[in-house]
K.L.:
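I'd like to ask some things about the structure below.
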Amino acid sequence: MEDNSGFRPSAGNLDDPPNSRVFLVVSKSMTEDMIRERFAEFGDIQDIWVVKDRNTKESKGIAFVKYAKSSQACRAMEEMHGRTLSDSSKPIKVFIAQSRGSTSHREVEDEELTRIFLMIPKTYSEDDIKNRFKEYGPVEYCSIIKNKTTGESKGLAYVRFQKPSHAALAIENCDRSFKAILAEPRSRGSAASEAADYHGPSRQQQQQQQDPLPHEPAGAMYSYGQSDQYDYSLYDKAGDSRGQESVSKRLTVVSRVPLVQDQIYGLFDLIPGLEFCDVQRDMFSSFAYAVVQYQNISSAIYAKYKLHGFEYPPGNRLGVTYLSDGGDGTE
DNA sequence: CGACGGGACGC
DNA sequence: CGACGGGACGC
């Protein structure tokens with residue numbers, strides 16, 4: 001459908017294969033060698049490019065790393081996003097880079113990277129598909145497109161994985177007869193409306209509700225291993241565990257050690273949709289207190305889920321709660 | 001005779 | 001806040 005070869009002759013392999021390049025937001029002091037040192041373990045690096053100011057030659061704090069395969073780039077994102085590399089610097093950000101011709105710098109959402117679309121024999125059941133594809137990673141669900149009236153298979157199916165790297169591995173390695181590709185997002189709507197429909201395989205997810213607020217040590221934020229990608233949908237409204245708190249798109253953040261605006265912003269901006277961040281420090285204690293606001297409720301829910309109890313800096317657990325005022329309950 | 005292209009979700 | 005260099009192909 002899209003023919004993105006054809007202009008820019010010398011950049012032919014930048015987006016080949018698709019989604020094989022990561023976009024990094026790092027400290028300005030991070031050199032190409034330091035990046036290579038940390039990112040080589042995820043795959044064959046074909047190119048590293050630290051973007052520098054034309055005149056001063058100083059790094060702008062962003063870089064691109066091109067891998068041979070999409071699965072390698074995805075793993076680098078999953079493992080490195082949110083990590084604090086050199087101490088006393090902000091957590092880095094790692095995204096799948098937009099293709100070079102793209103004018104939009106919208107972040108590529110994981111929703112767009114975890115679902116594949118494929119062709120199957122009409123005799124296949126959902127379980128058949130799952131059994132064929134679980135070798136690439138845990139399968140969130142499979143769905144076969146069927147005739148609405150007769151219920152017969154149309155020979156087309158979707159498979160949702162938990163991690164982008166698993167979807168990429170499936171595309172790279174499954175039998176070619178499946179013609180597996182990344183699925184286009186089903187809905188252009190909000191993340192909340194998407195999440196609402198992803199309740200298919202709820203058994204594994206329900207087990208995770210036993211520990212709804214994992215206290216991850218300061219490391220990668222996207223510890224996909226626990227299938228937490230859509231968990232926030234489970235906390236959306238319908239307050240389950242400890243009484244119902246009223247959610248809002250505004251959060252309060254408390255910290256035992258003083259933090260400045262940049263630090264809070266850098267941390268909460270790891271969750272897409274951050275609108276603003278306001279940090280105040282209590283003059284008579286060393287506590288820091290901040291208000292952060294997201295564009296929508298589901299981003300805020302996800303941010304609270306991911307960052308409440310998070311150690312930042314290491315040893316300092318943040319407290320994150322909903323701010324009741326100013327939060328309209330719908331979005 | 002002769003052998004493979006097609007492809008989108010109940011909002 | 002945080003998005004695109006360098007270098008040169010082969011009839």
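Here the structure is a predicted model, which means the values were calculated and not measured. Proteins get letters first, then strands, A, B, ... in listed order; numbering begins at 1 in each.
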K.L.:
Expressed in angstrom and rounded to an integer, what is the separation of A:K28 atom NZ from C:dA3 atom C1'?
P.N.:
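These atoms are roughly 13 Å apart.
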K.L.:
Would you mind reading off the distance between A:I129 atom CD1 and B:dC9 atom P, rounded to a whole angstrom?
P.N.:
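One finds 16 Å between P of B:dC9 and CD1 of A:I129, rounded.
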K.L.:
Angle between ring planes, A:F161 versus A:H166, binned at 30° and 60°: parallel, tilted or perpendicular?
P.N.:
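The rings of A:F161 and A:H166 stand perpendicular, inter-plane angle above 60°.
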K.L.:
Looking at every strand, decide which applies to A:L118 at a 4.0 Å heavy-atom threshold: base, sugar-phosphate, or nothing.
P.N.:
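Since a base atom lies under 4.0 Å of A:L118, the category is base.
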K.L.:
Please verify the inter-ring angle class for A:Y302 with A:Y305; under 30° counts as parallel, over 60° as perpendicular, anything in between as tilted.
P.N.:
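Ring orientation, 0 to 90° scale: tilted.
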K.L.:
Separation of A:F178 atom CZ from B:dG5 atom P, in whole Å?
P.N.:
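To the nearest whole Å, that distance equals 18 Å.
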K.L.:
Base, sugar-phosphate, or nothing for A:I92, non-hydrogen atoms under 4.0 angstrom?
P.N.:
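Result for A:I92 = nothing.
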K.L.:
Which hydrophobic side chains are connected to A:M119, either touching it within the sub-4.5 Å cutoff or through other members that do?
P.N.:
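Same cluster as A:M119: A:F117, A:I145, A:L156, A:Y158, A:I181.
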K.L.:
Judged by each residue's nearest nucleotide on DNA chain B, which is more toward the 5′ side, A:M119 or A:K146?
P.N.:
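The residue whose closest nucleotide sits nearer the 5' end is A:M119.
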K.L.:
Would you say the ring centroid of A:Y67 lies under 6.0 angstrom from that of A:F39?
P.N.:
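Centroid distance A:Y67-A:F39: not below 6.0 Å, so no.
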K.L.:
Across the strands shown, which category fits A:R21 at heavy-atom distances under 4.0 angstrom: base, sugar-phosphate, nothing?
P.N.:
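Base, at least one base heavy atom under 4.0 Å.
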K.L.:
Taking distance alone, no hydrogens or angles, what donor-acceptor pairs closer than 3.5 Å link side-chain atoms of residues 262-275 of chain A to residues at least two apart or in another chain?
P.N.:
residue, atom, partner, partner atom, Å
A:Q263, OE1, A:V260, N, 2.8
A:D269, OD2, A:K93, NZ, 2.5
A:E275, OE1, A:Q293, NE2, 3.0

K.L.:
Identify which nucleotide among C:dA3, C:dG2, B:dG7 has an atom closest to any side-chain atom of A:F64, counting heavy atoms from C-beta outward.
P.N.:
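Output: C:dA3.
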K.L.:
Does the side-chain ring of A:W49 sit on the six-membered ring of the C:dG5 base, less than 5.5 Å centre to centre and under 30° in tilt?
P.N.:
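Yes, aromatic ring over the base.
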K.L.:
Could you tell me the separation between the NZ atom of A:K66 and the C1' atom of C:dG5, rounded to a whole number of Å?
P.N.:
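Rounded to whole Å, this separation is 16 Å.
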K.L.:
Rounding to an integer number of Å, can you tell me how far A:E112 CD sits from B:dA8 C1'?
P.N.:
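It works out to 15 Å between those atoms.
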K.L.:
Whole-Å distance between B:dG7 P and A:K179 NZ?
P.N.:
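From A:K179 NZ to B:dG7 P: 12 Å.
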K.L.:
How many whole angstroms separate atom CZ of A:R176 from atom C1' of B:dC4?
P.N.:
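Whole-Å distance recorded here is 15 Å.
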K.L.:
So, OP1 or OP2 of B:dC9: does either fall under 4.0 Å of a side-chain N or O from A:R160?
P.N.:
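False: A:R160 side-chain N/O out of range (4.0 Å or more) of B:dC9 OP1/OP2.
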K.L.:
Look at the side chain of A:R100 and the base of C:dG5, then say whether one donor and one acceptor between them are separated by less than 3.5 Å.
P.N.:
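Side chain to base: pair present.
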K.L.:
Where the side chain of A:F95 is defined as all heavy atoms beyond and including C-beta, which of C:dG2, C:dC4, B:dA8 is the nearest nucleotide?
P.N.:
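For the A:F95 side chain, the nearest candidate turns out to be C:dG2.
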K.L.:
With syn defined as a glycosidic angle within 90° of 0 and anti as everything else, classify C:dC4.
P.N.:
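It is anti.
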K.L.:
So what does A:K93 hit on the nucleic acid, given a heavy-atom distance under 4.0 Å: a base, only sugar-phosphate, or nothing?
P.N.:
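Counting heavy atoms under 4.0 Å across all strands, the contact made by A:K93 includes a base.
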K.L.:
May I ask you to check whether over 12 heavy atoms, not counting those of A:R176, lie within 6.0 Å of atom CZ?
P.N.:
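Counting neighbours around CZ of A:R176, 12 or fewer heavy atoms of other residues, nucleotides or ligands fall under 6.0 Å, so no.
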K.L.:
Nearest-nucleotide wise, let me know which of A:V25 and A:V50 is further upstream toward the 5' end of DNA chain C.
P.N.:
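That would be A:V25.
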K.L.:
Find the distance A:K90:NZ to C:dG2:P and express it as a whole number of Å.
P.N.:
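Rounding to the nearest Å, NZ of A:K90 and P of C:dG2 are 6 Å apart.
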K.L.:
Does the side-chain ring of A:Y265 sit on the six-membered ring of the C:dC1 base, less than 5.5 Å centre to centre and under 30° in tilt?
P.N.:
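Taking the rule of under 5.5 Å and under 30°, the ring of A:Y265 does not stack on C:dC1.
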K.L.:
Identify whether any heavy atom of A:D47 sits under 4.0 Å from a base atom; if not, whether one sits that close to sugar-phosphate; answer base, sugar-phosphate or nothing.
P.N.:
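Since a base atom lies under 4.0 Å of A:D47, the category is base.
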K.L.:
Considering every strand and a 4.0 Å limit on heavy-atom distances, what is the contact class for A:L274: base, sugar-phosphate, or nothing?
P.N.:
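A:L274: no heavy atom of the nucleic acid under 4.0 Å.
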K.L.:
Has A:F23 got its ring stacked on C:dG2, by the test of a centre gap below 5.5 Å and a plane angle below 30°?
P.N.:
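Taking the rule of under 5.5 Å and under 30°, the ring of A:F23 does not stack on C:dG2.
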